[in-house]
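Below, read A as the first sequence line, B as the second, and so on, with proteins coming before strands; counting in each chain starts at 1.
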Amino acid sequence: QAAEVHLSVAASMTDAIKELDAAFIVDHPDVTMLPNFGSSGSLAKQVAQGAAADLFVSANPKWMSYLETEGKIAPQTVRDLAQNTLVVVGPQKTAVNSLQDLEVMERIALGSPGSVPAGQYAQQAMRAAGVYDRLAAAKKLVMAKDVRQALLYADRGEVDAAFVYGTDALLVQKAVVLYTVPANLHDPIYYPMGLTIAGEKNSAARAFYDFLASPAARKILAKYGFCAPGAGAAAK
Amino acid sequence: MLNLSPQDMQAIWLSAQVATAATLISVPFGFAVAYFLVFVRLPGKALIEGVVNLPLVLPPVVVGYLLLLLFGQSGVLGPLLQSLGIRIIFTLKAAVIASAVVGFPLLVRSIRTGMEDIDERYLQASRTLGARWWDTLLTIILPLSGRALLAGMTLMFARSLGEFGATIILAGNIPGVTQTIPLAIYEYTNTPGGDRMALSLCLVSIVISFAVLLANESVSRKFRQRTTR
Amino acid sequence: MLNLSPQDMQAIWLSAQVATAATLISVPFGFAVAYFLVFVRLPGKALIEGVVNLPLVLPPVVVGYLLLLLFGQSGVLGPLLQSLGIRIIFTLKAAVIASAVVGFPLLVRSIRTGMEDIDERYLQASRTLGARWWDTLLTIILPLSGRALLAGMTLMFARSLGEFGATIILAGNIPGVTQTIPLAIYEYTNTPGGDRMALSLCLVSIVISFAVLLANESVSRKFRQRTTR
Amino acid sequence: MNLDVSLRKNYGGFQLDVAFSLTENRCGIFGPSGSGKSTLMHLLAGLLEPDEGRIELAGQILFDSARRINVPPEKRRIGVVFQHAHLFPHMNVRRNLLYGWKRTPEAERRIDPQALARVLQIDQLLERGVNSLSGGERQRVALARTVLACPRLILMDEPLNGLDEELKFQIIPYLNKVFSEFAVPLLFISHSLHEMRLMADEVLVFEGGHMQQRLPAEELARRSLVTGSRGYANLLTLRGPRPHGDLWLYHWEGNELILTDSGAAGDNVFELAAKDITLFKRHPEASSARNMLPCRVAGIFGAGNRIGVELACGSGRLICQIVPDSVRELDIRQGAEVIAVVKASAFHRLY
Amino acid sequence: MNLDVSLRKNYGGFQLDVAFSLTENRCGIFGPSGSGKSTLMHLLAGLLEPDEGRIELAGQILFDSARRINVPPEKRRIGVVFQHAHLFPHMNVRRNLLYGWKRTPEAERRIDPQALARVLQIDQLLERGVNSLSGGERQRVALARTVLACPRLILMDEPLNGLDEELKFQIIPYLNKVFSEFAVPLLFISHSLHEMRLMADEVLVFEGGHMQQRLPAEELARRSLVTGSRGYANLLTLRGPRPHGDLWLYHWEGNELILTDSGAAGDNVFELAAKDITLFKRHPEASSARNMLPCRVAGIFGAGNRIGVELACGSGRLICQIVPDSVRELDIRQGAEVIAVVKASAFHRLY
Ligand SMILES: Nc1ncnc2c1ncn2[C@@H]1O[C@H](COP(=O)(O)OP(=O)(O)OP(=O)(O)O)[C@@H](O)[C@H]1O
Ligand SMILES: Nc1ncnc2c1ncn2[C@@H]1O[C@H](COP(=O)(O)OP(=O)(O)OP(=O)(O)O)[C@@H](O)[C@H]1O
Ligand SMILES: [Mg+2]
Ligand SMILES: [Mg+2]
């Protein structure tokens, strides 16, 4: 009987997970991988409502702990899959040396802090730099619905700067990375993962969970700009 | 020019299935609701109309979330469905339901306008000729609102092709299972260099809807020829 | 029961403005396009109809993206607009444009169905009485498709209240500036525990749309009384 | 027919208020434009709800405001021929025709669609769409559609409007045959006294929403001798035409009449205006008139300068209209013998 | 009117193919149901495009398939009264009436809406919605609406259908007055020979999409003496009625006539059927007929057993219908002296 593994994965890891899947089934040809990509929030709600999921990969510890309290995740299986960095991208002309430099700008895009983890980290960083409240009061902040949208704005020159993940910065076409936000200005950017209660009983899911900790998996993750948990900094 | 991956082809095929199924399944309900709203005299009709319009007023994501609350395992209908062995969430059924719900107000509104424009005197004539209400419904109202029904179906089909928000919540975004064109487009926009691919899929959507539109036009023209000089 | 933050109140006010403006601005265009599609004989009409339907077929996010390509600073119209001192992106204008574009196919389709149902003989009578085409348009076609126009406006207004995908791309989500109800709801639903607040805003949306619906019904009934026995 | 009606309906400025009970099978409603004829028809058919009142047909209560009874139109089995046809635009002629017929239980289908279509001259149109029909064609299809539904009562709202005379008089006898053969009662609305005479036995005269008079069609016709603009017309059934030189000889109630028109082999209905009969005291010589019937005066009626003289000729009766002077000069009184002179061309064949 | 028409139109099974040119101001189109009358009207008004042909009105080419000219309906200034009214459902009666009037340049508004509404008896309905009108009321409003647009030519498709006789004859003289006073040419479609006589000078007879005959209305009427079912009717204009015992004395072309009907002070148009005139060789005694006019035979026409005799009485002319036997017996030939006997009740007042 063919085993199925249902994955619920934050959309920002789409490509990495697809490659990890492909690598995994080379050794497990009898397993069918069924990844479901979406925003961490909607994935969490699906899992909370009993949707089929064995492994949940969140872009944000908040939604992981939400599911833990809902009792949907086996708590002992929760660990970090990867880490990311926060960078500021923008059209080439501007030079940014610190977050204070953002104050001269007209428009700054970030993921909506309420819903987008990257936005939340950006908020933390700006708060730590002491510029957030003034920027917000001046209505200079454009809250994007996800990181990709913030990146799009920067790429098309609609904003002067955008906070995105280091991994996303690999996707830019016209814009460039202006500044890498120091890791001490925000919480560590973790991608926590955990097996669901159902997933814990699925041996194929457990095998994949273990595979994700393997050096082979690490290499794939690194290829897409993610660094190993605890490593601290990202590529570039 | 278009280079579509096998996964894209799957998405197109799924989208076509979902749009078709959602449209066809909704037609009888939409027709019944429109009939009710136009011809049945009852207080509180406005309320029903309000409910029908909900999926239009609410952001699709909210609609999807509400549907999740309804069909989820810990939802209202979940346990019942589970006892019947029916799984909705993360299946194509969910995509069909999401599309059907979101497009429903469009269908109903269109049929309604058509029904309201039927000359009452035809209904009077049919009734004096011995036709009961359901008979009049089938033989007079249905054919005379045929064009409006078709228009509504086209609207709904087109809307289904573009449905994203409710679908991704209720059906998930699982390539090859529930990933319809809009979800695939979404995925491409999350991928480096995916914009070209996204554009290809948009074009496919446009071509499909265009074909449906033309089919609708020609059928509709026949209707029109048959009913006016 | 409803506890709305000042930011929510702002979102409601913005949403009402956007929906109203989008609907009113679209009406003349929608009417003109419907008239063209119904009464003007020209090859290639199907193409225009296809274009009008695009925003329905494409996922709203894609529509938003395409609008961004059009109105953005490096977009097609961007430089022109900029030289005129007009900024679209990240302003309420953008939200109105996004809503108008997304709702436009609904408006046109509704008006069209109404126009197609006008008895041709009234048009003949008016023309033999000396009315030019635009005169007939204003004095016969407009009032006789009034109900369909109203229905279309209601549809469009409701759709605008729920518009999310295109708006968030073109207008951004700037609290107090472009954050309409759906964008506010989105924020809440993506925050653990925000569901209650999201629900409150949904209820507001529903109430507004309901009021518009009832207004439409009563005006529409007057139309009907005036035009049929 | 046993139809009991007592209804009130307020309509903007117009008020309908009628009460009557009918037993004749063929009734007419006669009245000027706007007098409420069509409104009454809609009320009877159940298409309009009365403000108050009662309708009973053949012992069944169809409407009673006091008892809150209101039988829906499709259960009343009252057929309606509307003033403006109202053919179903999405069906061809055949499907329109058979619409009511198919909804009639087989046992009650008493009329052959084919035959009816032939009589109404619409058998060539069966596959046509109704929107391509001419005005008269539409009216005939509507007529047939209602008749084929075999209702218990047929209401006809000026059904012969827009038909030329010839066709009208081709249709009337057939309708009469259908109605009498299958005893379908009929309520016939018309402006035409003539159609009224031919289609109805009893006539309700409407004016401004009220029933003004109610009288046999024959009586209405007699009154029109005095009040109407056209006067009275005798309807004679003539039999067995034989050629007579250039002319035709017919039997009529023991008399022989000479007519210019040839007729059909059996019965022929001819119209003869009361004004077309001239009375003479003695047999006149050298008149262009071909018929000189010796008669006895059976009665005198009328008023003013229009006097109707009822004549007995053989077993037949004729009404002749003359002026008061003539009554004196010819000494017309009950029982007097006179010669009725009628031209051969004065007879007008209806069917 | 100067109307040149040559048209072909194929319509499913039906084919219209006509060519005529009209100069009379009042023309009629006469023909059975389905003969193409309404189709012709639509073609002339520009509401239907001919397959081929040419229309020229008063020197202006309205349609020419060869030269690809097709003037749109609103520029043709041809008014149409449709067979089924087609009133605008969203306007009240007043706005319907004035629709065309408002679109007419002030200089060309030759008819007073108030006066017209009064004559057509719709002045009480002005504020009413058109959907609450009775059948006859609708037709009158449609009539007025077209006339008020003051067109160069009016096409009327059975406009008097659904009106009672009385109203019909009230409207006809007014229409005639409007049409002649303002010289509005008229194309009048009807089934009724009678209306035709009163409204048209020249008549085109249609049959199966073709023009079968074309003749003066008077000639059509004379032919109907032989072929029609109703025969010929004389139309007499009688003047200055004076009481004469119970009856009324009128002047007619140097004769005095005795009638039962009282008329208006000025001119009165009466109808007298050719069948209602009886000829005598000698003055008859003791007849109920009041009028005995000495006449001279001015001509004889007709065929079969229906002979029309044209009589000269004073300066007037009468047509009398008799049978061939009578011609022989009374020795009727041109120039012969005869007595025409007419009953006082035989005259029927039209208006
Ligand atoms: N819905 C309505 N609202 C107001 N008045 C109405 C309505 N329907 C009919 N009427 C009026 O009622 C009166 C009677 O109308 P009805 O149609 O019964 O007349 P009718 O006798 O059939 O006339 P006709 O011979 O011209 O058809 C008319 O004055 C008409 O205008
Ligand atoms: N759109 C059409 N398609 C096919 N046939 C048509 C169409 N319109 C009219 N006809 C046919 O053309 C013929 C002429 O129709 P038309 O309406 O001109 O007749 P009419 O002389 O006005 O008759 P009536 O006196 O009954 O109104 C009829 O046989 C009719 O059925
Ligand atoms: Mg009526
Ligand atoms: Mg016609």
Side-chain angles (χ1 to χ4, degrees), chain B residues 45-47 49-51 53-63 65-66 105-106 109-110 112-114 116-121 147-148 151-152 154-155 157-159 161-165 181-183 185-186 189 195 198-199 201-202 205-206 208-210 212-214 217 220 224 228-229, chain C residues 45-47 49-50 53-63 65-66 105-106 109-110 112-114 116-121 147-148 151-152 154-155 157-165 181-183 185-186 189-190 195 198-199 201-202 205-206 208-210 213-214 217 220 224 228-229:
Chain B
K45 252 172 37 174
L47 202 77
E49 180 160 16
V51 171
N53 266 332
L54 273 192
L56 194 69
V57 179
L58 297 177
V61 180
V62 174
V63 175
Y65 184 60
L66 294 177
L106 305 182
R109 171 61 61 176
S110 181
R112 250 192 93 166
T113 317
E116 281 172 346
D117 281 333
I118 297 178
D119 192 331
E120 209 192 346
R121 295 176 301 185
R147 259 176 341 124
T154 317
L155 267 185
F157 187 90
R159 181 76 181 83
L161 282 183
E163 211 318 284
F164 170 75
I181 297 179
L183 306 192
I185 292 175
Y186 168 77
T189 59
D195 287 2
L199 205 69
L201 279 178
C202 282
S205 260
I206 293 169
I208 295 176
S209 75
F210 207 75
V212 170
L213 205 93
L214 286 181
E217 282 308 292
S220 181
R224 201 176 185 198
T228 57
R229 191 192 271 247
Chain C
K45 251 170 39 172
L47 202 76
E49 180 159 17
N53 266 331
L54 273 192
L56 194 69
V57 180
L58 297 177
V61 180
V62 173
V63 175
Y65 180 70
L66 295 177
L106 305 182
R109 171 63 62 178
S110 182
R112 248 191 95 165
T113 317
E116 280 171 347
D117 281 334
I118 296 177
D119 191 331
E120 208 191 347
R121 295 176 301 185
R147 262 179 336 126
T154 318
L155 267 185
F157 187 91
R159 180 76 181 83
S160 296
L161 281 183
E163 210 320 285
F164 169 75
I181 298 179
L183 307 196
I185 291 176
Y186 177 76
T189 55
N190 273 314
D195 289 0
L199 206 68
L201 279 179
C202 282
S205 259
I206 292 169
I208 295 177
S209 76
F210 207 73
L213 206 92
L214 286 181
E217 282 308 292
S220 179
R224 201 177 186 196
T228 57
R229 192 190 272 247

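- Once rounded to the nearest 0.5 Å, the distance linking SG of B:Cys202 with CG of C:Leu66 reads 6.5 Å.
- Taking both residues in full, the closest heavy atoms of C:Ser205 and B:Val57 are given as O-CG1, 3.5 Å, listed atom of the first, atom of the second, then distance.
- Chain C forms more heavy-atom pairs under 4.5 Å with one residue of B:Leu183, B:Leu155, B:Leu161 than with any other, namely B:Leu155.
- Of the atoms belonging to C:Leu58, heavy atoms from both backbone and side chain fall under 4.5 Å from chain B.
- To the nearest 0.5 Å, atoms CG (B:Asp119) and CG (C:Asp117) are separated by 11.5 Å.
- In this structure, the separation between CZ on C:Phe210 and CG on B:Asn53 is 9.5 Å, given to the nearest 0.5 Å.
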### Task
Start with the C-alpha distance between C:Arg159 and B:Leu106, add both sets of side-chain angles, then the distance that settles side chain to side chain contact (heavy atoms under 4.5 Å, CB included), and finish with yes or no.
CA-CA 10 Å; C:Arg159 180 76 181 83; B:Leu106 305 182; 5.8 Å; no
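- Shown here are the ring pair (Phe, Tyr, Trp, His ring centres under 6.0 Å) partners of C:Tyr65, two or more places apart in sequence or in another chain: there are none.
- With a threshold of 4.5 angstrom between heavy atoms, C:Leu54 approaches chain B through side-chain atoms but not through N, CA, C or O.
- Summarising the geometry of B:Ala151 relative to C:Thr113, their closest heavy-atom pair is CB-OG1, 4.2 Å, with the distance given to 0.1 Å.
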### Message
Between C:Phe164 and B:Val62, is the side chain to side chain contact (heavy atoms under 4.5 Å, CB included) condition met? List the steps.
### Response
CA-CA 11 Å; C:Phe164 169 75; B:Val62 174; over 6 Å; no
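- A pairwise comparison of heavy atoms in B:Leu213 and C:Gly50 identifies CD2-N, 3.9 Å as the closest pair.
- Residues B:Ile185 and C:Pro59 form a side-chain contact, since some pair of their non-hydrogen atoms from C-beta on lies under 4.5 Å apart.
- Of the atoms belonging to C:Ile181, not a single heavy atom falls under 4.5 Å from chain B.
- Among C:Ser209, C:Pro60, C:Gly162, the residue with the largest count of heavy-atom pairs under 4.5 Å with chain B is C:Gly162.
- C:Phe157 is linked by a ring pair (Phe, Tyr, Trp, His ring centres under 6.0 Å) to nothing, counting only residues two or more places apart in sequence or in another chain.
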